[in-house]
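What follows is one structure encoded as structure tokens, with my remarks underneath.
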Amino acid sequence: MARTVGERLALKSSRRFYLAPPGGGGIHPRPESAGRHADEFMEAPKLPVERKTLDQREQMNELQRIRHSAAHILATAVLRIWPEALLDIGPPTDDGFYYDFDLKGHRFSTDDFTRIEEEMKKVVKENQVFEKSVKTRDEAKAYFEGKGQSFKVERLADIPEGEAISFYQNGEFVDLCAGPHVLRTGNVKAFKLLRVAAAYYRGNEKNPQLQRIYGTAFKNKEELEQWLKQQEEAKRRDHRKIGKEMGLFAFDDDVGPGLPLWLPRGGVLVEELEKLAKETEFEAGYVRVRTPHIVKEKMYQLSGHLPYYAESMFPPMELKESPDDAHPTRYYLKPMNCPGHHKIFAAEPRSYRDLPLRLAEYGSCYRYEQSGELMGLMRVRSLQMNDAHIYCTPEQFAEEFRSVNEMYLKYFKLFGFEKYLMRFSTHDPSKLGQKFVDEPELWKKTEDMVRQVLVDSKINFVEVANEAAFYGPKIDVQVWSVAGREFTIATNQVDFAVPKRFGLTYKTRENEAATPLCIHRAPLGTHERFIGFLIEHYAGNFPLWLAPDQVRVLTIGDEPSLVEYARGIAEELRHHHVRVELDPGTDKINGKILRAEESKVHTMLVIGGREKDAGAVALRVHGKGNLGVKPRAEVIADILASIAERRAG
RNA sequence: GCCAAUGUAGCUCAGUGGCAGAGCAACGGUUUCGUAAACCGUAGGUCAUCGGUUCGACCCCGAUCAUUGGCUCCA
């Protein structure tokens with residue numbers, strides 16, 4: 001995880017297609033699907049993998065070399081046990097390494113790990129030297145053809161003419177490899193195999209599936225142990241685990257995969273986020289709209305979703321005028337909100353005086369994500385987006401974009417996000433009119449403006465050419481789940497193409513029709529993913545304003561006057577809309593505290609005879625322990641202030 | 001969608017080709033207590049679903065569903 005942004009980006013692979021309809025030959029823009037924007041609220045485009053130069057490879061740090069060498073040692077061991085295995089590649093990764101094999105007669109399973117690791121240990125103990133040699137292209141080809149290593153033969157073709165074709169050998173194992181490695185196998189002192197997985201050859205699903213073995217390696221056993229411990233820690237923060245423990249959300253087979261049920265405590269998180277967004281957006285001059293969940297097929301033909309996006313949409317429902325109606329009207333569940341908002345723009349005549357028009361909606365969308373892609377709350381099929389579309393004139397554009405960006409930063413500060421990456425995606429001028437809409441001046445102008453906004457805000461960002469949406473540049477905010485997966489949590493996109501497709505116009509001061517520019521933005525992404533991320537970010541220990549259980553009043557015993565005093569406190573808090581419960585039972589105070597701590601109740605007010613007599617409460621805060629006896633009024637005032645100010649603690 | 005692993009009480013998990021188990025939670029009592037577990041009892045299960053093998057299947061086999069780990073996808 002210590003990888004720099006640049007390194008991380010370089011590892012990502014790219015398989016985007018804006019273009020290339022099936023069998024369509026030439027490159028031309030995808031239909032201007034409004035939906036495209038919305039989806040990028042959800043998903044990160046992957047970044048292009050560029051073949052590393054030999055210079056870059058030389059800069060591999062020690063840990064990466066260890067891991068790269070560990071991959072070779074793994075392959076050495078596997079070939080000793082299964083000599084018929086075909087080899088693909090075995091690079092270091094962010095937190096370890098893998099090696100891809102094609103092995104017909106055997107499916108790797110974790111049961112094989114002990115055996116493979118034993119063999120790897122032998123290789124390490126043999127302390128073989130990693131010896132580099134150079135072959136000509138023909139020699140290399142002949143060598144691998146002789147061994148039947150067909151993947152290696154194909155990989156040879158990737159090496160540019162003029163670049164040396166190098167091999168590394170340790171013991172009996174020889175691999176096509178640009179290096180670098182550690183000096184000897186004995187330098188790989190701490191490693192562990194982690195999991196097996198399938199991986200398509202060259203990442204293309206049309207290619208054969210290889211068996212991939214993942215592992216990790218460190219400089220020494222201590223660092224390995226520490227990393228394994230951290231992985232355990234991460235598992236405890238997993239939003240799926242905490243969500244179950246805290247009763248935040250649930251899935252049910254009868255409801256369907258990827259369709260979360262928000263339980264009352266999770267519903268609190270939803271409500272609080274919406275409250276935050278509505279206040280923030282109101283202050284920023286947004287107006288709220290609402291659009292239906294189902295929309296006629298015609299709309300998605302106009303937006304361009306059909307037919308290209310159809311497979312990511314739930315299949316349509318058909319309305320027949322009569323049982324044998326040959327032309328039923330089809331309705332689709334909306335996969336995004338943009339088309340509806342465009343129609344709201346179009347619903348009334350617009351003047352330049354109406355702009356900027358900022359239409360906001362926490363819209364419910366449905367997407368038929370592939371079954372294998374679903375992941376807790378992070379990737380779902382029903383989602384609610386913190387969506388808005390800002391329609392404005394070119395003159396207003398920079399200011400609007402800037403204030404959207406500020407809204408992001410305000411949110412991130414509020415939640416204390418530190419580890420995120422803003423990725424600025426721009427166009428490639430050579431692909432204007434193909435991958436990108438042919439508006440060279442608008443591209444340049446808006447990209448310069450976006451870049452300036454980012455520079456002015458002094459936040460870290462990376463700029464990635466050729467990754468913009470076809471209709472304009474954009475900023476994606478990338479975060480990482482505790483499990484290490486990367487997600488787009490928020491997005492801010494410029495659109496100077498789709499409003500035209502919808503025929504949206506406003507009257508200028510000169511009384512001419514002009515097409516507005518549009519900004520698609522979702523700083524809080526979707527409830528599902530954002531809350532999933534928040535759960536992990538806070539490890540379920542939410543600040544008071546967000547905490548599903550804000551306050552619990554615990555009595556020491558159930559003596560009636562004591563319970564009465566405690567109930568009065570709870571009622572006063574509830575009157576101020578604090579989520580408070582009373583625990584008046586006969587359980588021992590230790591037991592009550594244990595249960596409150598376990599369910600992550602933020603503030604516990606312990607009430608015994610002494611507190612009652614003094615008009616006080618004993619304050620205890622989750623994770624902070626007993627904070628002592630304080631006057632009742634003071635504690636209540638502080639609770640209310642903390643909630644109103646959305647304090648961090 | 002593809003490959004693999006997993007699926008036992010609300011939760012966390014034991015278990016065996018021959019009557020289905022524990023702790024916590026729930027429920028009923030007893031206990032009247034000072035900052036992370038007082039005690040006793042009760043109830044809770046089509047062992048994911050469907051089919052097969054077997055005298056007998058939670059266990060072995062197959063299919064399906066779901067989850068998880070990857071791959072692919074991500075408009």
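All figures in this text were calculated on a predicted structure; none of them were measured in a lab. Order of the sequence lines fixes the chain letters, A, B, ..., with proteins taken first and strands second; residue numbering starts at 1 for each chain.
Separating the C1' atom of B/rA4 from that of B/rA43 is a span of 40 Å, rounded to the nearest Å. A gap of 26 Å separates the C1' atoms of B/rG29 and B/rG45, to the nearest Å. On the C1' atoms, B/rU6 is 15 Å away from B/rC58, given to the nearest whole Å. Taking the C1' atom of each, B/rG15 and B/rC47 are spaced 11 Å apart, rounded to whole Å. B/rA5 and B/rU64 are spaced 14 Å apart, taking the P atom of each and rounding to whole Å. Here the separation of B/rC50 from B/rC55, taken at their P atoms, is 23 Å to the nearest Å. One C1' atom belongs to B/rA48, the other to B/rU8, and the distance between them is 10 Å to the nearest Å. Comparing the P positions of B/rC60 and B/rG7 gives a spacing of 10 Å, expressed to the nearest Å.
Pairing for B/rC24 goes to B/rG10, judged as Watson-Crick or G-U wobble with the two contacts each under 3.5 Å. In this structure, B/rC73 makes no Watson-Crick or G-U wobble pair, since no nucleotide meets both defining distances under 3.5 angstrom. With a 3.5 Å ceiling on both atom-pair distances, B/rA57 lacks any Watson-Crick or G-U wobble partner. B/rG44 is unpaired under the Watson-Crick or G-U wobble criterion, no partner having all donor-acceptor distances under 3.5 Å. B/rU30 is paired with B/rA38 under the criterion used here, namely a Watson-Crick or G-U wobble arrangement in which both key atom distances are under 3.5 Å. The base-pairing partner of B/rG62, taking Watson-Crick or G-U wobble contacts with both distances under 3.5 Å, is B/rC50. Look at B/rU16: it lacks any Watson-Crick or wobble partner with both distances under 3.5 angstrom.
Glycosidic torsion of B/rC19 falls within 90° of 0, placing the base in syn.
Aromatic ring centroids of A/F436 and A/W443 lie under 6.0 Å apart.
Rounded to an integer number of Å, the gap from CE of A/M375 to P of B/rC73 is 19 Å. Whole-Å rounding puts the A/F108 CZ to B/rA4 P distance at 13 Å. Straight-line distance from the CZ atom of A/F113 to the P atom of B/rG69: 15 Å, rounded to whole Å. Note: NZ (A/K206) to P (B/rC2) measures 15 Å, nearest angstrom. Following rounding to the nearest Å, A/L193 (CG) and B/rA4 (C1') show an atom-to-atom distance of 16 Å. Atom P of nucleotide B/rA25 and atom CG of A/D583 are separated by 13 Å, given to the nearest angstrom. Rounded to an integer number of Å, the gap from A/D88 CG to B/rG70 P is 19 Å. Between the P atom of B/rU49 and the CG atom of A/D254 lies a distance of 13 Å, rounded to the nearest Å.
Nucleic acid contact class of A/G247 (heavy atoms, under 4.0 Å, all strands): none. When heavy atoms are screened at a 4.0 angstrom cut-off, A/L554 is found touching no nucleic acid atom at all. When heavy atoms are screened at a 4.0 angstrom cut-off, A/K592 is found touching no nucleic acid atom at all.
For A/L374, counting side-chain heavy atoms from C-beta on, the closest listed nucleotide (B/rC3, B/rU67, B/rC73) is B/rU67. Of the candidate nucleotides B/rG1, B/rC11, B/rG69, B/rC11 has the atom lying nearest to any side-chain atom of A/K244.
A salt bridge does not link A/D638 with A/K630: every distance from a Lys NZ or Arg NE/NH1/NH2 to an Asp or Glu carboxylate oxygen is 4.0 Å or more. A salt bridge does not link A/D587 with A/K592: none of the charged nitrogens is closer than 4.0 Å to a carboxylate oxygen. A salt bridge links A/D549 to A/R265: one of the charged nitrogens lies within less than 4.0 Å of a carboxylate oxygen.
Within the 4.0 Å cut-off from OP1 or OP2 of B/rC11, not a single side-chain nitrogen or oxygen of A/R240 is found. Considering only side-chain N and O atoms, A/Y214 lies nowhere under 4.0 angstrom from the phosphate OP1 or OP2 of B/rC3.
Projected onto RNA chain B by closest heavy-atom contact, A/S371 and A/R212 fall at different nucleotides, the more 5' of which corresponds to A/S371. RNA chain B is contacted by both A/Q209 and A/R195; A/Q209 maps to the nucleotide lying nearer its 5′ end (nearest heavy atom per residue).
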In residues 293-300 of chain A, what donor-acceptor pairs under 3.5 Å come from side-chain atoms, sequence neighbours left out?
none

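In this structure, the side chain of A/R381 engages the main chain of A/E369 through a donor-acceptor pair within 3.5 Å. Of the possible donor and acceptor atoms, one in the side chain of A/E528 sits under 3.5 Å from a partner among the backbone N and O of A/Q384.
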Look for any protein N or O under 3.5 Å of an N or O in nucleotides 27-38 of chain B and output each such pair with its distance, or none.
residue : atom : partner : partner atom : Å
B/rU31  : N3   : A/T586  : OG1          : 3.3
B/rU31  : O4   : A/T586  : OG1          : 2.5
B/rU32  : O2   : A/D558  : N            : 3.3
B/rU32  : O2   : A/D558  : OD1          : 3.1
B/rU32  : N3   : A/D558  : OD1          : 2.3
B/rU32  : O4   : A/D558  : OD1          : 3.3
B/rU32  : O4   : A/D558  : OD2          : 3.3
B/rC33  : N3   : A/T586  : O            : 2.9
B/rC33  : N4   : A/T586  : O            : 2.2
B/rG34  : O6   : A/G609  : N            : 3.0
B/rG34  : O6   : A/R610  : N            : 3.1
B/rG34  : N1   : A/E611  : OE1          : 2.8
B/rG34  : N2   : A/E611  : OE1          : 2.8
B/rG34  : N2   : A/E611  : OE2          : 2.2
B/rU35  : O2'  : A/R620  : NH1          : 3.0
B/rU35  : O2   : A/R620  : NH1          : 3.2
B/rA36  : N7   : A/R620  : NH2          : 3.2
B/rA36  : N6   : A/E597  : OE1          : 3.3

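Judged by distance alone with a 3.5 Å cut-off, no donor-acceptor contact links the side chain of A/Y200 to the base of B/rG70.
Going from atom CZ of A/R237 over to atom CD of A/E232 covers 14.5 Å, rounded to the nearest 0.5 Å.
Residues A/Q209 and A/Y201 have side chains that never bring a donor and an acceptor to within less than 3.5 angstrom of each other.
Considering every non-hydrogen atom in both A/I475 and A/M422, the closest pair reads CG2-SD, 3.8 Å.
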